[in-house]
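Please read the structure below before turning to the comments.
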Amino acid sequence: MIQKSITTPTMYDAATIFSHLETDHLPTPCYVVDVAKLEDNLKLIQTIQNACNVHFLLALKSFSFYALAPLLRRYLAGTAASGLWEARLGKEKFGGQTHVFCTAFSKTDLIETLPYADHLIFNSPSQLKSMIPHVNEYKKNGGIVSVGLRINPHYSEVRHTAYDPCQPYSRLGTGAELLSNDILDVIEGVHFHNHCEHSFDNFQRSLKHIEKNFSSLIERMKWINFGGGHFITKPGYDVDSFIACLLDFKKRYDLDIYFEPGGGIVLNSGAILTEILDIHHNERRIGITDISAVCHIPEIAEMPYSPKILNACNESNDNLLYRLGGPSCLSTDTIGDYYFNTELTVGQRLTILDMAHYTHVRFNTFNGIKLPSLAISNYKNNTAELIRVFSYEDYCSRLS
């Protein structure tokens, strides 16, 4: 019998954390991850794991900041990788289990991936059939790996098409109509992924659909992976109901359960520090920053959305509107439109919030724009330490 309310850590928002941090000694642009906030998130995840004996993995595609691996491995079961290099990074830097899903493996990459993989998840029956001889050879020589298949449930509540793996004609996952006994006899687990920054209500509806359409499949498996997109650390997420739902599910199915969030693990733990390089006018005030949306925060254009900025305020007749953008040559290098209660000035610093997931992993150097430096902070003792500054050589070495 689960308690009516689960005791969870205090969850501070990003604005509260980064408004009190002393970061003036750090260069700009700079990517900062707060280790104390990250641990607050991890403690909540640990509460869920302990309450219902499920396992959480870090999705490396979202967050691969391995300087924090010693902290992450204390709370998580391991990592979820999307291919060979992520699998190697997960095994070598983070430890624990490494679960690998790839939309399509080449023979060479598959053979190289096997020693790093604890779970190996194929995207289609055709890939599984063509690659299973290499997996069997690996096992014959003493290798241990559990094989699974990604299922497309043809159901999701993802609002943005670019992030919906279940949209029509999706290349991601296998429909129920393609599952034959010769496939089911080979796999030990199934992987579902149909969430993106979702609440418990979304998960509950999704789980009902999955059980209705795939219960006979799940009954044959040793494990199930519900993928990522679960915003379990977002303020207001119904953790108690999530735990109760999982405990109820486990009564019906005797199997290991995995989740592999990225954003849900690091939510509100990161920020990007930037400086105003220029202010000019073109029908409105325009601020040019040393952070580039297209180079450093590509999700801004893909979603699209405008991230929160510390000390920006709501629209008001008394407030000043600025369009903020980066230094690249692309007209689309725009962070967003923001109101401030005082004029911005050249040299002024701004803090862009909630910049942990899908930022650092996607940095690029288009136009020769330098990469942001990397730093680790701790809001509980008001410290911030610079750990990496990228150089011209880091840019040049990738080009030839």
field: Polar side chain donor-acceptor pair, Q97 to Y258, under 3.5 angstrom
entry: yes
message: Is it true that D290 and T28 share a donor-acceptor pair across their side chains at a distance under 3.5 Å?
response: yes
- request: Verify, without hydrogens or angle tests, whether N378 (side chain) and A36 (backbone) share a donor-acceptor contact under 3.5 angstrom.
  value: no
task: Report yes or no: do D182 and S180 form a side-chain donor-acceptor pair below 3.5 Å?
output: yes
Charged N-O contact under 4.0 Å between K250 and D254: no
- prompt: Between E211 and Y253, do the side chains contain an N or O donor and an N or O acceptor separated by less than 3.5 Å?
  reply: yes
message: Could you check whether H193 and F226 have their ring centres less than 6.0 Å apart?
response: no
- request: May I ask you to decide whether K91 forms a salt bridge with D118, counting only side-chain N to carboxylate O separations under 4.0 Å?
  value: yes
query: Any chance the side chains of E157 and N202 put a donor and an acceptor closer than 3.5 Å?
result: yes
field: Charged tip of R150 within 45° of F192 ring normal and under 6.0 Å
entry: no
field: Note: D394-R388 ion pair, threshold 4.0 Å (strictly below)
entry: yes
Basic-acidic side-chain contact under 4.0 Å: K61, E86: no
message: Assess, by modelled atom type and distance only, whether the side chains of S126 and S124 contain a donor and an acceptor separated by less than 3.5 Å.
response: yes
message: Around atom OH of Y66, are there more than 12 heavy atoms from other residues, nucleotides or ligands closer than 6.0 Å?
response: no
Sidechain-backbone polar pair: N41 side chain, I265 backbone, donor-acceptor under 3.5 Å: yes
message: Given 3.5 Å as the limit, does a donor-acceptor pair link the side chain of E299 with the main chain of A293, or not?
response: no
- prompt: Does any donor atom in the side chain of N194 or S206 lie under 3.5 Å from an acceptor atom in the other side chain?
  reply: yes
query: Quick one: do the E302 and H160 side chains pair a donor with an acceptor below 3.5 Å?
result: no
- request: Compute whether any side-chain donor of one residue and acceptor of the other, for N152 and R171, lie under 3.5 angstrom apart.
  value: no
query: Is K380 salt-bridged to D40, cutoff N-O under 4.0 Å?
result: yes
query: Okay, side chain of D278, backbone of V346: is any donor-acceptor separation there less than 3.5 Å?
result: no
- request: Give a yes or no on whether a salt bridge exists between E219 and R252, defined as a side-chain N under 4.0 angstrom from a carboxylate O.
  value: no
query: Looking at the rings of Y237 and F231, which for Trp means the six-membered one, are their centres under 6.0 Å apart?
result: no
field: Side chains of T161 and D164, donor plus acceptor under 3.5 Å
entry: no
- request: Inspect the surroundings of CZ in R220 and state if more than 12 heavy atoms from other residues, nucleotides or ligands are less than 6.0 Å away.
  value: yes
